[in-house]
Amino acid sequence: MALILNGKEVADTLKQKITQEVSEMVANGHRAPHLVAILVGNDGGSQTYVAAKEKACHEVGFSGSVIRYESTLTEEELLEKIAEINQNPEIDGLIVQLPLPKHINETKITQAILPEKDVDGFHDVNMGQLAKGNDGIVSATPLGITMILAHYGIETSGKHAVIIGRSNIVGRPISILLSNPGKTGNATVTVCHSRTENLSFYTKQADIIVAAIGKPGFVTGDMVKEGAVVIDVGTTRVDDASKKAGWRLCGDVDFESVEKVASAITPVPGGVGPMTITALLNNTLKARKAQL
Ligand code: NAP
């Protein structure tokens, strides 16, 4: 039976630390960090994520606000709003919830956010800093994964990590983080993707597997080496009539078969998800502290 890596518990512990730091900041006469989220349109998932981020801000003593727009908002209008927030010294972090309506170019929007306020870590400058191993703002989900590994004292140095997925928001940055020097780094990393032939050949050699694919139950027990650590990033909504919402969140890992061979595993929900929000808070605090 694998150790369950409880992201919710780790997130709560880290949030307490952030709350403490914020109260000290305020006691010293400084303004609390302020995170702004922009939400365009009525996508159900996006509304849930943004509401969770706003709630988390308030829990740790940040100012958190959401700017909501109809899906008819033009790209130019959105760029104008971003430019205004970039200039606002009272705002430390800005996230634009993705996906955006088709007529808005996501890359253009991501690049318009000032790198210092880009607490999602999607800007080329922050990605570049990460690639060079410099201090910058690291994309929230990969950062959250390293926070879980650190919390449970999981050794990464010298280990073979196999990442399934090469997206710019999860697969690619976590592969860089794990291979960079430093704590929760120094791993030997293999990046797999949809063109990888004989995927199991790689996953069966892995000491650490990070699955970021978006295909429910994709990684099964027979693909995993005895004692491996398995991090499940996937969050796909699958129909489930037994649930009030009519759906449930499903990870990329077949929990039942994998937990029998793994030494540790993140559940879905309650694994990587809560850590992503905590990492976002961490990045916003970092952005605020950079101004002091
Ligand atoms: P994405 O941009 O769609 O990337 C998926 C990756 O999986 C791609 O690199 C793709 O390869 C690879 N892939 C697809 N089919 C494959 C296959 N059969 N074998 C091997 N690789 C395959 O997705 P993403 O944004 O990284 O997100 C991945 C999952 O994580 C989604 O379920 C998403 O909802 C979830 N997620 C969760 C959080 C959280 O906070 N928990 C945050 C972000 C994302 P190619 O590049 O070759 O197409």
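Values below: every heavy atom of this structure, side chains too, minus hydrogens, waters and symmetry copies. Indexing begins at 1, ligand by ligand and atom by atom, following the structure's order.
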Asker: Check Met275 against ligand 1 and report side chain, backbone, both or neither, counting heavy atoms closer than 4.0 Å.
Answerer: neither

Asker: Give the contacting part of Thr141 toward ligand 1: side chain, backbone, both or neither, where contact means a heavy-atom distance below 4.0 Å.
Answerer: side chain

Asker: If the condition is salt bridge (charged side-chain N to carboxylate O under 4.0 Å, His left out), which residues does Lys289 pass it with, not counting sequence neighbours?
Answerer: Glu21

Asker: Atom 9 (O) of ligand 1: which protein heavy atom is closest, and how many Å away?
Answerer: Arg166 N, 2.8 Å

Asker: Can you tell which part of Val170 has a heavy atom less than 4.0 Å from ligand 1: side chain, backbone, both or neither?
Answerer: side chain

Asker: If you have a sec, work out which protein heavy atom is nearest atom 2 (O) of ligand 1 and how many Å separate them, to one decimal?
Answerer: Ser167 CB, 3.3 Å

Asker: Please check: side-chain N/O of Asn86 versus main-chain N/O of Leu114, any donor-acceptor pairing under 3.5 Å?
Answerer: yes

Asker: Any heavy atom of Thr196 sitting closer than 4.0 Å to ligand 1?
Answerer: no

Asker: Any idea which protein heavy atom is nearest atom 37 (C) of ligand 1, and the distance to it?
Answerer: Val233 O, 3.1 Å

Asker: Suppose we measure from atom 31 (C) of ligand 1 to each protein heavy atom; which comes out shortest, and what is that distance?
Answerer: Gly214 CA, 3.6 Å

Asker: Tell me the contacting part of Ile164 for ligand 1: side chain, backbone, both, or neither, using a 4.0 Å heavy-atom threshold, strictly below.
Answerer: side chain

Asker: Determine whether the side chains of Gln20 and Gln16 contain a donor N or O and an acceptor N or O closer than 3.5 Å.
Answerer: no

